[in-house]
Q: 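Following this message is one structure expressed as structure tokens.
The shown structure was predicted, so the numbers you read here are calculated from the model rather than taken from an experiment. Heavy-atom basis, side chains included; hydrogens, waters and symmetry copies ignored.
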Amino acid sequence: MKLPTIILMTFSLALALTLINFWLPQMNPDTEKLSPYECGFDPLGSARLPFSMRFFLVAILFLLFDLEIALLLPTPWAINNQAPTNTLLLITTLITLLAAGLVYEWSQGGLEWAE
């Protein structure tokens with residue numbers, strides 16, 4: 001196949017899918033669909049309602065551990081260096097700190113959702 005044929009087929013397929021996208025969905029808006037979703041909070045109520053501190057702490061812990069896992073992603077490439085012992089020492093230290101933080105949060109009751 002030649003390049004102009006491929007470009008024409010790609011353009012026509014994209015145009016067809018776009019037209020189908022505009023014609024296919026059924027638009028039945030109601031108050032629930034039109035209201036913004038705010039993590040289970042009533043968007044029309046008062047903004048001064050008390051916020052669950054447990055929810056906030058669990059969310060912060062999730063972000064913290066998620067960030068630490070992102071720091072461990074380059075580990076397979078770092079081990080292939082000339083001297084992997086330094087890399088393994090740093091990774092072991094990071095995992096030990098993570099495990100100690102998890103044990104501390106667990107012992108303090110920070111992971112208990114219900115009181």
Side-chain angles (χ1 to χ4, degrees):
M1 292 176 105
K2 303 226 180 216
L3 186 62
T5 308
I6 293 174
I7 291 174
L8 181 65
M9 287 175 51
T10 305
F11 179 73
S12 59
L13 180 63
L15 183 66
L17 289 176
T18 303
L19 291 175
I20 289 172
N21 185 34
F22 282 117
W23 287 328
L24 191 62
Q26 296 178 356
M27 299 300 256
N28 296 326
D30 60 359
T31 57
E32 292 294 324
K33 288 183 181 178
L34 293 176
S35 68
Y37 181 70
E38 296 289 338
C39 299
F41 297 113
D42 182 20
L44 303 175
S46 172
R48 303 285 181 210
L49 293 174
F51 187 72
S52 172
M53 190 55 75
R54 288 274 186 209
F55 177 78
F56 178 73
L57 288 175
V58 169
I60 293 296
L61 283 173
F62 172 76
L63 288 175
L64 176 72
F65 284 103
D66 194 42
L67 176 68
E68 299 300 332
I69 293 302
L71 289 175
L72 291 174
L73 283 176
T75 302
W77 293 280
I79 289 178
N80 290 330
N81 285 343
Q82 297 293 334
T85 54
N86 191 19
T87 303
L88 289 174
L89 178 67
L90 290 172
I91 291 169
T92 305
T93 305
L94 183 65
I95 291 175
T96 304
L97 285 173
L98 279 175
L102 182 63
V103 168
Y104 176 75
E105 283 295 325
W106 198 340
S107 67
Q108 295 296 316
L111 301 177
E112 298 293 327
W113 186 257
E115 294 183 29

Q: Rounded to the nearest 0.5 Å, what separates atom OG1 in T75 from atom CG in N80?
A: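 Between T75 OG1 and N80 CG, I get 11.0 Å after rounding to 0.5 Å.
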Q: If two hydrophobic side chains count as joined below 4.5 Å and joins carry through other members, does I69 share a cluster with L94?
A: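 Yes, because I69 and L94 connect within a single hydrophobic cluster, where side-chain heavy atoms sit under 4.5 Å apart.
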Q: Would you call I91 and I95 a side-chain contact if the rule is heavy atoms closer than 4.5 Å?
A: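 Heavy-atom side-chain distance check passes, below 4.5 Å.
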Q: If you round to the nearest 0.5 Å, how far is CG of L17 from CZ of F22?
A: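 Here the rounded value is 12.0 Å.
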Q: Measure the CG-OG1 distance between L88 and T93 for me, rounded to the nearest 0.5 Å.
A: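 Atom-to-atom, L88:CG and T93:OG1 are 10.5 Å apart.
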Q: Given T10, which of I7, I6, L8 fulfils the side-chain contact (heavy atoms from CB on, under 4.5 Å) condition?
A: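 Looking at I7, I6, L8, the match for T10 under the side-chain contact (heavy atoms from CB on, under 4.5 Å) is I6.
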Q: Mind listing the closest non-hydrogen atom pair of T87 and A78 along with its distance?
A: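 Scanning both residues, the minimum pair turns out to be CG2-CB, 3.4 Å.
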Q: As an exercise, state the distance from CG of L71 to CG of D66, rounded to the nearest 0.5 Å.
A: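 Answer rounded to 0.5 Å: 10.0 Å.
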Q: At what distance, to the nearest 0.5 angstrom, does CG of L24 lie from CG of L19?
A: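 These two atoms lie 12.0 Å from each other.
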Q: CG/L97 to OG1/T92 distance, rounded to the nearest 0.5 angstrom?
A: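 Between L97 CG and T92 OG1, I get 11.0 Å after rounding to 0.5 Å.
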